[in-house]
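Here is the structure we will look at.
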Number of protein chains: 2
Amino acid sequence: MGTEREPKQQSAKALLALRDLVLTGEVEPGERLSEVALAQRLGVSRTPLRSALQRLEQEGLVCLIPSGGYAVRSFSRQEVFDSIELRGVLEGTAARLAAERGASASRLRVIDEVLRQLDLVMQVSAHDMDFERYEVLNGDFHRLLWNLCGSEVLTREIERTASLPFASPNAFVNTQVDVPAFHRTLIVAQTQHKAMLSAIKLREGSRAEAIAREHARLARQNLDFVLEEQPDLRRKVVALALMSG
Amino acid sequence: MGTEREPKQQSAKALLALRDLVLTGEVEPGERLSEVALAQRLGVSRTPLRSALQRLEQEGLVCLIPSGGYAVRSFSRQEVFDSIELRGVLEGTAARLAAERGASASRLRVIDEVLRQLDLVMQVSAHDMDFERYEVLNGDFHRLLWNLCGSEVLTREIERTASLPFASPNAFVNTQVDVPAFHRTLIVAQTQHKAMLSAIKLREGSRAEAIAREHARLARQNLDFVLEEQPDLRRKVVALALMSG
DNA sequence: AATTTGCAAAATGTATACATCATGTCAAGC
DNA sequence: GCTTGACATGATGTATACATTTTGCAAATT
């Protein structure tokens, strides 16, 4: 058969579908990814599928097998920690550069508004909170922060790092719904959000950097909590689908 | 014709050859990279060539054209600066983690020996110095530093960042051959090398990080020098083949 | 003269055929 | 019974054919 689908979108289709397959754990870590089988499953041919595989290899979700082909990657606990720390370092750099170089007033207005919206979301009592909206706003805040310094080189690098599920700013947000202490974490996080922005406005680069790093370590703290105090929760944390051990 | 070459190496061949073509400036920034023409030029088919193009797009050497295909990327002065700064930040993180977590004695021995060799190279008078050997040793030092913390996640990220020609630790080393002040830069660099390692051994993470950052800024300093005081030198700096403006 | 429309050439994205290589099974030999 | 080796199966890497889209150019119209 020749030509009944929409070309040029097959690659994107394969990329999104394959990423979803990996992130939801439908294909297990360590599992070899057979190209023919996957291509058939996703409804594309091998060519766009291989393009997607190579892309995901750069993202870190799959890894090359020495003998050829790809497998779903699995991350050790230490690698997960390091990825979180790295995201903090890069976000810290973005915050520092924004402070040192100065952020445009228009961008600051936008991010201020996001913080205000976050305040509103958190004003309601704990179990009435709209978590989905929190995630959206939290994601917005971080994305805006990444762009605040105006360095495309840096922004791109942060986006790449944060594309790993457990390194994302929202990685452990919905983990905490069931946990009594969760609200405190969010309160601390929002305080840090405000402190970061304040430091940037005051051109206090070093302070902005330090807060951003510490902010990322909240994620590590949550991860520690899940692993050591609520190991039964672990399977429910989608961000940890790729973590071994 | 069917089968007279060595398969499985065509991708690697295409990647290396294409990277060389871009880095040496044989294809100019902004120039569209025609797949058929390139494939013929490099002696491979389009399939491995496209694989190489996608890879170089991740590395940052080429960029996607909205309408399709790839073009040689060009970097603004600011982007070059940011890439250097980013390398410094990441190297600083590697140094800090090495200090905080402790580096293995065997790895420290190896890097110590590299520093000793560097000392030997620099003991001779300025114009007798073996620059090629300096580059090799300098590259060794930095690669060893990247691995000192034992975090593959971080090491991989640094390697990616430093793969940009102007962000490499050796980017401006051979630029300075003609310049009288060059030896001073190298002396400072070697002093920083030793200070970094000392800080790591003493578990002074913050100091190690700060020195590594400042060390990378030597590259920025050299770049400033080339651009503002010796603009005629610029064309001879291969690392700047991709820089516009 | 400038702009727009139509067409042709070329380039990209995709699918698929082919050859080589890896892997696992089964049988033979020790 | 265990190891070794040959073989069949399947998978990957590569090359190439095909269809769609983009792009450059020329002619015609305003």
Side-chain angles (χ1 to χ4, degrees), chain A residues 1-22 26-73, chain B residues 1-22 26-73:
Chain A
M1 59 166 171
T3 156
E4 305 187 18
R5 22 126 224 59
E6 308 164 54
K8 172 138 187 176
Q9 306 198 353
Q10 298 298 87
S11 293
K13 176 181 174 184
L15 180 61
L16 293 176
L18 186 51
R19 183 157 32 203
D20 197 62
L21 239 56
V22 173
E26 288 186 56
V27 287
E28 296 199 359
E31 186 177 337
R32 186 195 195 101
L33 296 167
S34 167
E35 295 181 1
V36 283
L38 271 180
Q40 203 163 10
R41 184 169 177 182
L42 302 183
V44 300
S45 86
R46 281 182 60 210
T47 305
L49 176 75
R50 297 188 100 236
S51 168
L53 281 169
Q54 189 181 342
R55 181 82 181 247
L56 290 185
E57 195 267 331
Q58 292 293 326
E59 285 187 18
L61 293 184
V62 306
C63 62
L64 277 155
I65 298 175
S67 64
Y70 296 90
V72 181
R73 185 163 165 198
Chain B
M1 58 167 173
T3 155
E4 305 187 19
R5 6 124 230 69
E6 307 163 56
K8 171 137 189 179
Q9 307 199 354
Q10 298 299 87
S11 293
K13 177 181 172 184
L15 180 61
L16 293 176
L18 186 52
R19 182 156 36 200
D20 196 62
L21 240 56
V22 173
E26 287 186 57
V27 288
E28 297 199 359
E31 187 178 335
R32 188 196 193 104
L33 294 168
S34 167
E35 294 181 2
V36 282
L38 271 181
Q40 204 162 9
R41 184 169 177 181
L42 302 184
V44 301
S45 86
R46 282 182 60 210
T47 305
L49 177 75
R50 296 188 100 237
S51 169
L53 280 169
Q54 189 181 342
R55 180 81 181 250
L56 289 185
E57 196 265 331
Q58 292 293 327
E59 284 188 20
L61 293 185
V62 306
C63 61
L64 278 156
I65 299 176
S67 64
Y70 295 90
V72 181
R73 182 160 166 203

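Protein chains get the first letters and strands the later ones, always in sequence-line order, with residue 1 at the start of each.
Distance CD (A:Q9) to C1' (C:dT14): 13 Å, rounded to an integer number of Å. In this entry the distance linking CG of A:L15 with P of C:dT14 reads 12 Å, nearest Å. Between the C1' atom of C:dA11 and the CZ atom of B:R41 lies a distance of 18 Å, rounded to the nearest Å. If you measure from atom CD of B:E35 to atom P of D:dT14, you get 15 Å, rounded to the nearest angstrom. At whole-Å resolution of the value, CZ in A:R46 and P in C:dA15 are 12 Å apart. Between the C1' atom of C:dG13 and the CG atom of B:L33 lies a distance of 17 Å, rounded to the nearest Å. When rounded to the nearest whole Å, the span between CG of A:L38 and P of D:dT12 equals 9 Å. Atom pair A:Q40:CD and C:dA15:C1' shows a separation of 14 Å (rounding to whole Å applied).
In this structure, CG on B:L18 lies 9.5 Å from CZ on B:R41, to the nearest 0.5 angstrom.
The side chain of A:S45 places an N or O atom within less than 4.0 Å of a non-bridging phosphate oxygen (OP1 or OP2) of C:dA15.
In the displayed structure, B:E26 atom CD is contacted under 6.0 Å by more than 12 heavy atoms of other residues, nucleotides or ligands. Environment of CD in A:E31: crowded, with over 12 heavy atoms of neighbouring residues, nucleotides or ligands closer than 6.0 Å. More than 12 heavy-atom neighbours from other residues, nucleotides or ligands sit within 6.0 angstrom of CZ on B:R73.
Closest to the side chain of A:R50, from the set C:dT12, D:dT12, D:dT22, is D:dT12.
For D:dT12, the base has no donor-acceptor partner in the side chain of A:S67 [N/O atoms by modelled type, under 3.5 angstrom]. Contact of B:S11 with D:dT14 (side chain to base): no donor-acceptor pair of N or O atoms is detected under 3.5 Å.
Counting heavy atoms from C-beta on, the side chains of B:Q54 and A:S51 come closer than 4.5 Å.
The overall bend of the helix from C:dA1-D:dT30 to C:dC30-D:dG1, read as the angle between its terminal helix axes built from five base pairs each, is 20° when rounded to 10 degrees.
Residue A:R32 is in sugar-phosphate contact alone, with no base atom involved, counting any heavy-atom pair closer than 4.0 Å across all strands shown. Here B:S34 lies in heavy-atom contact (under 4.0 Å) with sugar-phosphate atoms only.
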Mind running side-chain contact (heavy atoms from CB on, under 4.5 Å) on B:L42 and B:K13 for me, showing each step along the way?
CA-CA 8 Å; B:L42 302 184; B:K13 177 181 172 184; 5.9 Å; no

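Closest non-hydrogen pair, A:Y70 versus A:I65, comes out as O-CD1, 3.6 Å.
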